[in-house]
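Some notes on the structure that comes next.
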Amino acid sequence: MKTILQITSSARADSSYSTNLGKEIIDRIRKKYGSISVITWDLVDTPPPLYTHEMVQGFYTPVDTPDYCSIDSLAYANDLIERINAADTLVISTPMHNFGISAHLKAWIDQLVRFGVTYTYDDTGNRVGLIADKDVYLAIASGGMQSSSPVQDYIADYLAAVFRTYVGITKIQTYRIEGTAFPNFSPDYNAILADFPH
């Protein structure tokens with residue numbers, strides 16, 4: 001049975017377009033594979049901690065240090081890694097805030113990336129991700145029509161770069177729901193996910 005870790009980061013709760021797009025993605029995964037287990041992690045209900053001096057010190061403590069896993073400031077980050085390792089697929093939902101991801105998701109990313117845990121360096125100095133063989137689906141909502149805008153957003157490319165470079169996950173697919181701020185907007189999830197692999 002596949003395990004799906006659904007990560008939501010919108011303050012709009014059940015009315016969130018990004019969250020509901022993520023749910024639609026999960027429905028299609030269920031249709032494809034049959035029985036699945038879905039674990040939802042709402043980053044607004046349980047906000048990730050922001051960096052502190054003690055936390056940064058913990059992040060840069062060598063992983064082979066005795067009692068490394070007992071460092072208090074790493075408790076959230078360690079739980080995050082355990083949840084990712086237990087999942088086959090990540091479905092990550094975020095609204096676009098000022099051309100970027102939600103603040104909650106940014107804090108979650110900062111807890112995810114850790115030298116010696118999610119990435120290391122090879123003999124040539126290149127980063128090598130340490131977590132692979134997982135699928136990531138990005139569900140991004142924006143009030144405007146971002147795909148036709150002359151101004152870039154910094155969501156899909158940023159998240160893909162983080163997962164590829166600092167984690168090792170390369171199978172990443174992005175789906176967008178756009179124009180949510182327009183009058184009389186009505187989402188067409190079938191059109192958005194028309195190319196979803198069956």
Side-chain angles (χ1 to χ4, degrees), residues 1-14 16 18-19 21-23 25-26 29-30 33 35-95 97 100-121 127-140 155 158-173:
M1 179 187 296
K2 280 190 172 290
T3 298
I4 314 298
L5 180 58
Q6 178 189 19
I7 299 161
T8 66
S9 62
S10 172
R12 293 182 181 272
D14 290 339
S16 162
S18 64
T19 297
L21 177 56
K23 291 178 180 178
I25 291 171
I26 291 171
I29 296 172
R30 183 179 289 108
Y33 293 103
S35 181
I36 61 173
S37 172
V38 180
I39 299 169
T40 300
W41 194 355
D42 188 327
L43 303 184
V44 175
D45 283 349
T46 55
L50 300 179
Y51 282 154
T52 63
H53 176 67
E54 293 76 11
M55 191 181 297
V56 171
Q57 284 187 314
F59 272 41
Y60 285 96
T61 300
V63 295
D64 57 358
T65 300
D67 300 324
Y68 175 82
C69 292
S70 300
I71 298 175
D72 289 342
S73 60
L74 298 182
Y76 187 98
N78 289 337
D79 177 57
L80 188 161
I81 294 299
E82 287 181 9
R83 295 193 194 205
I84 286 183
N85 284 334
D88 300 295
T89 299
L90 309 180
V91 176
I92 302 174
S93 300
T94 183
H97 287 166
I101 62 176
S102 71
H104 294 84
L105 184 57
K106 178 59 170 68
W108 185 88
I109 291 290
D110 289 342
Q111 292 292 315
L112 164 65
V113 174
R114 201 173 356 152
F115 176 73
V117 178
T118 63
Y119 76 99
T120 188
Y121 292 97
R127 294 186 189 90
V128 178
L130 299 177
I131 301 174
D133 299 325
K134 298 185 187 297
D135 297 304
V136 171
Y137 294 92
L138 304 178
I140 301 169
I155 299 180
Y158 164 70
L159 290 173
V162 168
F163 277 103
R164 290 181 177 129
T165 306
Y166 287 106
V167 183
I169 297 174
T170 60
K171 295 182 289 185
I172 303 163
Q173 296 186 63

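As the structure is a prediction and not an experimental result, all values here were calculated from the model. In this chain, numbering begins with 1 at the start of the sequence shown. These numbers come from the heavy atoms of this one structure, side chains and all, not from hydrogens, waters or symmetry mates.
Within the 3.5 Å criterion, the main-chain N or O of G22 finds no donor-acceptor partner in the side chain of Q6. Side chain of D135 to main chain of T89: no donor-acceptor pair is present (N/O by atom type, distance under 3.5 Å, no hydrogens or angles). With hydrogens and angles disregarded, a donor-acceptor distance shorter than 3.5 Å links the side chain of T94 to the backbone of S102. Of the possible polar contacts, none joining the T120 side chain to the G116 backbone as a donor-acceptor pair under 3.5 Å is found. Proximity of a side-chain donor or acceptor of N78 to a complementary backbone N or O of L74 within less than 3.5 Å is detected. For the pair K2 (side chain) and V38 (backbone), a donor-acceptor distance under 3.5 Å is absent. Of the possible polar contacts, one joining the T118 side chain to the Y166 backbone as a donor-acceptor pair under 3.5 Å is found. Side-chain atoms of D67 never come within 3.5 Å of backbone atoms of S70 as a donor-acceptor pair (strictly under, hydrogens ignored). Side-chain atoms of T65 come within 3.5 Å of backbone atoms of P62 as a donor-acceptor pair (strictly under, hydrogens ignored).
Residue K134 holds its NZ atom at 8.0 Å from CD1 of I84, rounded to the nearest 0.5 Å.
Two residues are said to be in side-chain contact when any heavy atoms from C-beta on lie closer than 4.5 Å; M55 and P49 meet this criterion. Using a 4.5 Å heavy-atom cutoff, the side chains of L130 and V117 are not in contact. For the pair F163/T170, no side-chain contact is recorded, criterion being any heavy-atom separation below 4.5 Å from C-beta on. Counting only heavy atoms from C-beta outward, the side chains of P48 and Y76 approach each other to under 4.5 Å. You'll find the side chain of I109 reaches within 4.5 Å of the side chain of L159, heavy atoms only. Side-chain atoms of V136 and Q173, non-hydrogen and from C-beta on, never get closer than 4.5 Å to each other. At least one side-chain heavy atom of W41 sits less than 4.5 Å from a side-chain heavy atom of L80. In this structure the side chain of I101 reaches within 4.5 angstrom of the side chain of Y158, judged on heavy atoms.
Residues meeting the side chain to side chain contact (heavy atoms under 4.5 Å, CB included) test with Q57, sequence neighbours left out: H53. For T19, the side-chain hydrogen bond (donor to acceptor under 3.5 Å, both in side chains) partners at least two apart in sequence or on another chain are S16.
The minimum heavy-atom distance between S18 and S93, with the atom names listed, is O-OG, 3.0 Å. Residues I36 and R30 approach most closely at CD1-CB, 3.8 Å, considering heavy atoms.
Ring geometry for Y51 versus F59: interplanar angle over 60°, hence perpendicular rather than tilted (30 to 60°).
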